[in-house]
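Below: the structure, in structure tokens.
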Amino acid sequence: MFLDVVPFEQLVNDPNSPVVTLTLIAQGDRTEMIFHLHGVADHPGDKYMYDLWSDALDTLMTHLHDQKQ
């Protein structure tokens with residue numbers, strides 16, 4: 001379930017969990033993604049929210065890079 005969906009621009013997840021907002025901004029042939037996590041204390045090396053999201057975004061970046069080739 002999402003709090004807010006703006007096609008091709010923004011997703012905001014369910015309020016019953018930490019709120020994740022992904023904002024996508026078209027920049028010519030590129031897209032800037034802004035990631036915001038609210039509602040949980042996280043930090044690098046926590047082996048929880050920060051590290052899980054960091055790994056997921058790294059995997060996404062690798063996948064998108066591979067698709068361009």
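These numbers come from a predicted model, not from an experiment.
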Checklist entry - Can you list the steps and then say if V40 with M49 is a side chain to side chain contact (heavy atoms under 4.5 Å, CB included)? => result CA-CA 8 Å; V40 64; M49 282 288 179; 3.8 Å; yes
Next on the checklist: Would you compute the distance between atom CH2 of W53 and atom CG of L60 and round it to the nearest 0.5 angstrom?
Outcome noted: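 Reported to 0.5 Å precision, the distance equals 10.0 Å.
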Checklist entry - How far does OG1 of T31 sit from CD of E9, to the nearest 0.5 angstrom? => result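 T31 OG1 to E9 CD: 11.0 Å, rounded to 0.5 Å.
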Checklist entry - Partners of Q67 by side chain to side chain contact (heavy atoms under 4.5 Å, CB included), sequence neighbours excluded? => result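 Listed in chain order: H63.
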Next on the checklist: Determine whether a donor-acceptor pair (N or O, by modelled atom type, separation under 3.5 Å) exists between the side chain of D4 and the backbone of Q10.
Outcome noted: no
Checklist entry - Hey, is the main chain of D55 close enough, under 3.5 Å, to the side chain of T59 for a donor-acceptor pair? => result yes
Checklist entry - Out of curiosity, does Y48 fall in the hydrophobic cluster containing L37 (side-chain heavy atoms, cut-off under 4.5 Å, transitive links)? => result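 Linked, L37 and Y48 end up in one cluster.
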Checklist entry - Would you find more than 12 non-hydrogen atoms of other residues, nucleotides or ligands less than 6.0 Å from H43 atom NE2? => result yes
Item to check | Heavy-atom neighbours of F35 CZ exceed 12 at 6.0 Å | outcome: yes
Item to check | Worked check of side chain to side chain contact (heavy atoms under 4.5 Å, CB included) between L57 and M33 | outcome: CA-CA 10 Å; L57 294 172; M33 181 179 76; 3.3 Å; yes
Checklist entry - Hey, mind stepping through H36 and V20 against side chain to side chain contact (heavy atoms under 4.5 Å, CB included) and telling me if it holds? => result CA-CA 6 Å; H36 185 259; V20 174; over 6 Å; no
Checklist entry - Among L24, T23, L22, T21, whose side chain to side chain contact (heavy atoms under 4.5 Å, CB included) with I34 holds? => result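 The option that passes is T23.
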